[in-house]
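Take a look at the structure set out below.
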Protein chains: 2
Amino acid sequence: MELKVKNVKSAELKNMIIKRLYFDKALSCADMSELFDKSVPSISKAVNELMDEGFVVEQGYAPSSGGRRPLMYSLRHEAIYILTVAMDQLSTRIQIVDILNNPVAKTAITELKLLNNPSALQTLIDHINDYIFSTGIPVDKIAGIGIGMPGFINSTEGYNYTYLDSGDESLTSVITRETGVPTFIDNDSSLIALAEQKFGIAKARKDVMVINLGWGIGLGMIINGEIYRGHNGFAGEFSHIPLSEDGALCTCGKRGCLEAEASMLVVAEKAIQGIKKGHISSLKNIDINQSKMVGDAIMEAANNGDQFAIELLSDAGYKIGKALAILIHIMNPASIVLSGRGAVVGKILLAPIQQALNKYCIPRLANSTELLISDLGFNAELIGAAVLVMENFDKEIKNHLITTNQSSMEKTTKN
Amino acid sequence: MELKVKNVKSAELKNMIIKRLYFDKALSCADMSELFDKSVPSISKAVNELMDEGFVVEQGYAPSSGGRRPLMYSLRHEAIYILTVAMDQLSTRIQIVDILNNPVAKTAITELKLLNNPSALQTLIDHINDYIFSTGIPVDKIAGIGIGMPGFINSTEGYNYTYLDSGDESLTSVITRETGVPTFIDNDSSLIALAEQKFGIAKARKDVMVINLGWGIGLGMIINGEIYRGHNGFAGEFSHIPLSEDGALCTCGKRGCLEAEASMLVVAEKAIQGIKKGHISSLKNIDINQSKMVGDAIMEAANNGDQFAIELLSDAGYKIGKALAILIHIMNPASIVLSGRGAVVGKILLAPIQQALNKYCIPRLANSTELLISDLGFNAELIGAAVLVMENFDKEIKNHLITTNQSSMEKTTKN
DNA sequence: ATAACTTTTTAAATTTTTTTAATAAGTAAC
DNA sequence: GTTACTTATTAAAAAAATTTAAAAAGTTAT
């Protein structure tokens, strides 16, 4: 006996509508007809079914553009929630957001060391389950779990080859099984890029390079409007491109990597050296035993006008600019976005970066690339994780939401 | 009175079939059903219509895979020809090929200087028209003209911002008007990449970087199975990425560009210097006043085991390898193909390139990229030009072919 | 204020596509 | 050499999508 789902194409259209409404908030039938190249009656039918299923609601009339006012449809807020997770080497943030990306509960922040920590995966799962329980939101209202994390990640297959070893089974499969919610993972920088392109400063742009300025230097690439992950999912390893011939030794074992020359960690290191040598600066009272805190302190000091801090950042900015020149030559992007932790000093970095671009770029290329500073800030990765879930919104997720929802999908049995 | 073409979607399917048959040579209805996610009857209907229109013929039965043998369909050879053009700074090749990319007449090679030559465009048009006339192939059997050329090119709009100035009107529009055949242009390196991915060593691979080793160093990118051209069509400007801090002066005005360090022209230049200094080599009797001929001579000498030539090429190879390391970090491609003129010394370049990759690449990335040498050689650009035309095969082209063909499309008049 | 024109939605008719079933043509095991 | 099982094509029936037409709800110019 074989089970067969009917109306596959119709279900596809409905998923496309849900997905689109997540990004565009509200659309009329006419809008969607245009968007999906489907007739209005087809759209109308799908929308009505989605209303019956509880996913879509009428939102009211939009202003007329010269004729009858269009009836706008949007997603029902209570139908879909998304659990988002942003991990770095040391700490993990967990959050549940609604369909407007607004948090519905306080973000949970926990210490979770990724390196050499065999129990990290179980800890993560426990934290997620605890968080879901604490919010009281039923599991079947959560469309999916999106997780951003560092490491070499194969997003399609759901593996992280660097951290959170899950054995033969994929990481996403383990978390899906243990939480009961479809799970998706991706590289932190890719998710930041996704956030910037969907809801940030690079909104709707097709070819965007997002630089994740943090303790390393990540690169998330949007190519033809989609995240580009490369053949094995390792694209965007910007941190370790060889920049100078005999530069500083990098954690990767090679010399002259961009990360070893210009990351916030290196800036912090240089600041500590400088302070030890007696550099006059508002930083001189900082605890120099914790590079990461020094990093934050430098950025704050720079924004407050501290000359020494600005000098250090400018130096890093120039090197980043040189690397960006290479990136521009290869990719000819519409925009480059400075995002991640370092975005707060974006304005200070802008001048030296532009200077490097002028020196190392063919003018025609430099001029056709806009340099932007993120306004999403620290939230980018969490928003990106939500986008990741909704980009993968398909039959499976809808079934997960619908199983304990009101109606069930039409199925026929083939005899 | 408004004219409206019916069966738009059906026409689309038919174009998809023609396109696919160009790439796959022969397919059964079942194959196409799978490929296009359409029912067999839909495919069958479209194929029968295409046979009536004279585009498709039955090709015979393929071996059975356990059941009834599939009837294979292929394109009718006499229905579609493609005119391909490959231009470089000094000379232009023109050719007409059939649907199997086989030339149907001798390739025409003419001297045509691109730089500072206001009459270049008219000369090109004249040559194309003369060539078509000389072959006796009727214009309405030629699906399109594909042209590969150097310069900053916007393939979608059909402009070349560097050469062949066509004023306000697009270059493709001028040539289409003057020849009566739909025309498409693209960057030479992009077309070489297209050829390698469709009919060359990187066949069917999705993420491929093709290096066009010639007088410059070009880069054609296949991303997600499609040519990537960047935001303005300027992507792949690999020649001018800053490689060394205070390197040789480049024609672009900057220092340390890859092109200025490792192109065949530079190798030739170095050879001339070496010979003048009395280097012992089989090259010593070459005419040192023509760098380009020296370039060819060096490649030949290297392939014959000349130590000095090999040394020069190895040096260039190592620098190319360093640049490829950067490319691999950013793109994580499945394959890198060495193509263009320099492909003939690919085997000699391989070792120093690999050496550089070992030094400058994270092992995981280097290991997941295969380094290939083109077997299409000098023909790649012409084949790519044909692919460019067929990739753009759409309603317009089909109409062009069909106007003076046997049947005409069904049209209805809206009252 | 009214006529003329837009835009959106709904319902009925038509077209297109897919599903189903039947037929044809082959392979492989016994 | 049957029999059971695959695979491919064709034709008729069923389902789905689009086109067409009409109605509803506005805007704008006179």
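Chain naming here is simple, since letters A, B, ... match the order of the sequence lines and numbering starts at 1 in each.
Nearer to the 5' terminus of DNA chain C, by closest-nucleotide assignment, is the contact made by A/P70 (compared with the other of A/P70 and B/K38). Comparing A/S39 and B/N48 by the nucleotide of DNA chain D whose heavy atom lies nearest to each, the residue mapping closer to the 5' end is B/N48. Nearer to the 5' terminus of DNA chain C, by closest-nucleotide assignment, is the contact made by A/R68 (compared with the other of B/V40 and A/R68). Looking at which nucleotide of DNA chain D each of A/P41 and A/Y61 is closest to, the 5′-most match is held by A/P41.
Between the side chains of B/T176 and B/S173, no donor-acceptor pair is found at a separation under 3.5 Å. For B/Y228 and B/D207, the side-chain atoms include no donor-acceptor pair closer than 3.5 Å. Counting only N and O atoms by type, the side chains of B/E157 and B/S170 include no donor and acceptor under 3.5 Å apart.
Listed by chain and residue number, nothing satisfies the side-chain hydrogen bond (donor to acceptor under 3.5 Å, both in side chains) test with B/E34 (two or more places apart in sequence, or in another chain).
Nucleotide C/dT8 holds its P atom 12 Å from the CG atom of A/L27, rounded to whole Å. With rounding to whole Å, B/L71 atom CG is found 16 Å from C/dA24 atom P. Between the C1' atom of C/dT8 and the CE atom of A/M72 lies a distance of 12 Å, rounded to the nearest Å. Following rounding to the nearest Å, A/K45 (NZ) and D/dA16 (P) show an atom-to-atom distance of 6 Å. Residue B/F36 contributes atom CZ, which lies 20 Å from atom P of C/dT16 at whole-angstrom precision. Rounded to whole Å, atom P of C/dT15 lies 20 Å from atom CG of B/L13. The CG-P distance, from A/D31 to C/dT8, rounds to 7 Å in whole Å. Remark: P of C/dT8 and CD of A/E58 are 16 Å apart, rounded to the nearest angstrom.
In terms of phosphate contacts, B/S42 brings a side-chain nitrogen or oxygen within less than 4.0 Å of OP1 or OP2 of C/dT18. In terms of phosphate contacts, A/S64 brings no side-chain nitrogen or oxygen within less than 4.0 Å of OP1 or OP2 of C/dT6. Taking 4.0 angstrom as the limit, B/R69 places a side-chain polar atom (N or O) nearer than this to OP1 or OP2 of C/dG26.
Between B/L75 and the choices B/L50, B/I17, B/L100, B/I18, the side chain to side chain contact (heavy atoms under 4.5 Å, CB included) rule is met once, by B/I18.
Out of D/dT10, D/dA17, D/dA8, the shortest distance to the side chain of B/A30 is found at D/dA8.
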